[in-house]
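Protein chains get the first letters and strands the later ones, always in sequence-line order, with residue 1 at the start of each. Being a predicted model, the structure only gives us computed values, none of them experimental.
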2 protein chains.
Amino acid sequence: MSLRHALLGLLADGPASGYDLTRAFDGSIGRYAWQAGHSRIYPELAKMAEAGQVVVDETGPRGRKTYALTDDGHTELRRWMLHWPEQANVRDETVLRMFLVQSLEPEDARRLLEGIAAHCLAEIENLRPVMEADDAEHRPGDPLPFGRLAGEYGLRQYEAVHGWALWSLERLGAAEPAGTS
Amino acid sequence: MSLRHALLGLLADGPASGYDLTRAFDGSIGRYAWQAGHSRIYPELAKMAEAGQVVVDETGPRGRKTYALTDDGHTELRRWMLHWPEQANVRDETVLRMFLVQSLEPEDARRLLEGIAAHCLAEIENLRPVMEADDAEHRPGDPLPFGRLAGEYGLRQYEAVHGWALWSLERLGAAEPAGTS
DNA sequence: AGCAACATGTAACGAGTTACATGATTTA
DNA sequence: TAAATCATGTAACTCGTTACATGTTGCT
């Protein structure tokens, strides 16, 4: 039931409507952590309201309803954040490809790994200035901007994958002397 | 349709039965890349056979059927491995928690991050000897053992997350002077 | 003989995606 | 006034999980 906890976590930052929460999933959370569209979010918010974890906070123009966390919602969020299971499964197509690299001909494997390395470099060059801009605006003592820790995570992630791809190319290159020289 | 490609990739290593493939998902692939139980795997193999991507290779004792890749299966696997979409979504509860760290009180956030750091260290100490044993057995020129690249990826991943958790603790610590020191 | 492991399958359920459906408000 | 965006909802489909169901082989 991670969708529920994602919503609780996002609402901890302040009241939001189903529409706002749907937009949040269009960003980094949706890419790196969890996915959901509005068609799942609205019914889930309704269930959470029924369970007393959120309440309708305000009603706005176009039938807009903003939800806010209740104390129960906060408690449940905290419980979930702190007791995470050791065995959490990850679903990641890129990692799946990594597991299967050795099913390719060496030449194809090299092409794939070179693609991964290039892609990571591009993402790093994309993320780094964003993080640096965040840091430039930030004064010591202020709370970190929402997502700053996650952004740093993404940056380090790409750096790690980049390093891995280069290491793998070296390994594969050693096994196949018809290489790049 | 990643389950299909996971099965194609596993079968590229040699013919296997539904039972064997189910066992494969109990290991690292299931933890870090993709999940499936036998109840999805058997019907999927049947569909793949219908689509001509695999064929029943041998029948053994207890109704055991081993499947082997056809040329079409190989072609489809290669296609999928090489054209991966830029926008591949990842589903990962741990990363979700990272995105939501800032919804916690600073004291709880520190506890969570310390837990993550400790967990990563434990995983690193678990994985490193396995990888080193693989390398000790490996002679230059031999193909790398199946999963060696993925294992290295896992190791580097944990190192990156460990570094991230320490960095985050430092950042959070600076914002909250009632710290450890 | 009994138990663990091998081996395959179906059914019900849960949750995310895509498509269908509708309407209000803001902006050009 | 037309288009984009805001805003909410339901229905059908896909696919992974859990539970139900059954039978065989090998080992002790």
Side-chain angles (χ1 to χ4, degrees), chain A residues 1-8 10-11 15-27 29-51 54 56-67 80 85 87-93 95-96, chain B residues 1-8 10-11 15-27 29-51 54 56-67 80 85 87-93 95-96:
Chain A
M1 267 223 287
S2 287
L3 172 58
R4 175 160 306 194
H5 297 105
L7 296 173
L8 290 170
L10 289 168
L11 288 172
S17 67
Y19 188 84
D20 297 334
L21 293 165
T22 302
R23 289 286 83 80
F25 278 91
D26 289 340
I29 287 189
R31 183 144 181 215
Y32 300 116
W34 209 263
Q35 295 84 44
H38 76 272
S39 64
R40 274 288 303 151
I41 291 169
Y42 289 119
E44 189 64 28
L45 284 168
K47 274 195 193 171
M48 289 160 76
E50 206 185 332
V54 297
V56 175
D57 182 52
E58 276 183 10
T59 50
R62 294 155 270 239
R64 176 186 168 93
K65 284 180 284 186
T66 57
Y67 290 87
W80 180 80
Q87 174 61 306
N89 291 328
V90 175
R91 204 171 298 174
D92 187 330
E93 275 197 20
V95 176
L96 181 55
Chain B
M1 266 223 287
S2 287
L3 172 58
R4 176 161 305 196
H5 297 106
L7 295 173
L8 289 171
L10 289 168
L11 287 173
S17 67
Y19 188 84
D20 297 334
L21 293 164
T22 303
R23 288 287 82 83
F25 279 90
D26 289 340
I29 286 190
R31 182 143 182 216
Y32 301 115
W34 209 263
Q35 294 84 45
H38 77 273
S39 63
R40 275 289 303 149
I41 290 169
Y42 289 119
E44 190 62 29
L45 285 168
K47 275 195 193 172
M48 289 160 76
E50 207 185 332
V54 297
V56 175
D57 182 51
E58 276 183 8
T59 50
R62 294 154 269 239
R64 176 185 168 92
K65 284 181 286 186
T66 57
Y67 289 87
W80 180 80
Q87 176 59 307
N89 292 328
V90 175
R91 203 170 297 174
D92 187 330
E93 275 198 20
V95 175
L96 181 56

Nearest-angstrom distance from the residue atom CZ of A/R91 to C1' of C/dG16
9 Å
Length of the line joining B/L45:CG and C/dA7:P, which is rounded to integer Å
14 Å
When A/N89 and A/Y67 are each assigned the nearest nucleotide of DNA chain D, the 5'-most assignment goes to A/Y67
Using a 4.5 Å cut-off on heavy atoms from C-beta on, say whether the side chain of A/M1 contacts that of A/W80.
no
Nearest whole angstrom, please: distance from the C1' of C/dG23 to the CZ of A/R64.
16 Å
C/dA15 P sits how many Å from A/M1 CE, rounded?
7 Å
Between A/R31 (CZ) and C/dT17 (C1'), how many Å, whole number?
19 Å
Please list, chain by chain and in numerical order, all residues satisfying side chain to side chain donor-acceptor pair (under 3.5 Å) with A/Q35, sequence neighbours excluded.
B/R91
For A/I41 and C/dA15, give me the distance from atom CD1 to atom P, rounded to whole Å.
15 Å
Of all residues at least two apart in sequence or in a different chain, which pass the salt bridge (charged side-chain N to carboxylate O under 4.0 Å, His left out) check with A/D57?
none
Ring-face cation contact, A/Y42 with A/R40, 6.0 Å cut, 45° max
no
Carboxylate-amine/guanidinium proximity below 4.0 Å for B/K65 and B/E58:
no
Could A/R23 and A/F25 be counted as a cation-pi pair, given that NZ or CZ must be under 6.0 Å from the ring centre and within 45° of the axis?
no
Using atom OH of B/Y42 as one end and atom P of C/dC6 as the other, report the distance to the nearest whole Å.
11 Å
Starting from P on C/dT8, measure out to NE2 on B/H38 and report it in whole angstrom.
10 Å
Walk along DNA chain D from 5' to 3' and tell me the first and last nucleotide with an atom closer than 4.0 Å to a non-hydrogen atom of chain B.
D/dC15 to D/dT25
Side chains of B/V54 and B/L11: does their closest heavy-atom pair fall under 4.5 Å?
yes
Taking any heavy-atom pair under 4.0 Å as a contact, classify A/S39: base, sugar-phosphate, or nothing.
base
Taking any heavy-atom pair under 4.0 Å as a contact, classify A/R40: base, sugar-phosphate, or nothing.
base
On DNA chain D, compare the nucleotides closest to A/P61 and A/P43; which residue's is nearer the 5' end?
A/P61
